[in-house]
Amino acid sequence: MSENDAAKKPQFRTPHIRIKNPEACLKCARKQCTIVCPAGVYQWDAERLMIHVDWPACLESGACLVACHEFKNIEMTYPDGGQGVRYNYG
């Protein structure tokens, strides 16, 4: 496998970030996760009234965990050392 092929291969097969309770996002007035994430992982879908999580783009900064302090509604499972994200979108 060439280095270019390896860079295109998805690193994660299952989401490592999840919204615990989608209904809690309806109560959140500011949707801070959509503002603080440096990778733009969280997007508010006004039509479906829910947060869309583009988890493969995550940089594992943890900003979303801090921003969601009111509801503590984001769960992130950090990978083992040496198994974290590779920034593939830039």
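Remember, it's a predicted structure, so these values are computed and weren't measured experimentally.
With values rounded to the nearest 0.5 angstrom, Cys25 atom SG is found 11.0 Å from Leu49 atom CG.
Under a 3.5 Å cut-off, the side chain of Asn73 and the backbone N or O of Asn21 do form a donor-acceptor pair.
You'll find the side chain of Glu70 stays beyond 4.5 Å of the side chain of Lys27, heavy atoms only. Side-chain contact between Ile74 and Cys33: present, with at least one pair of heavy atoms (C-beta onward) separated by less than 4.5 Å. No side-chain heavy atom of Gln32 sits under 4.5 Å from any side-chain heavy atom of Cys64.
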Between Met76 and Arg18, is the side chain to side chain contact (heavy atoms under 4.5 Å, CB included) condition met? List the steps. CA-CA 7 Å; Met76 180 187 293; Arg18 73 178 192 92; over 6 Å; no
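Here Glu75 does not pair with Lys20 in a salt bridge; the nearest charged N to carboxylate O distance is not below 4.0 Å.
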Residues 34-46 side chain polar contacts: donor-acceptor under 3.5 Å, at least two apart:
unit_1	atom_1	unit_2	atom_2	d
Thr34	OG1	Lys31	O	2.6
Gln43	NE2	Gly40	O	3.3
Asp45	OD1	Glu47	N	3.1
Asp45	OD1	Arg48	N	3.1

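When the side chains of ILVMFWY residues are joined at heavy-atom separations under 4.5 Å, either directly or via intervening members, Leu65 and Val53 end up in a single hydrophobic cluster.
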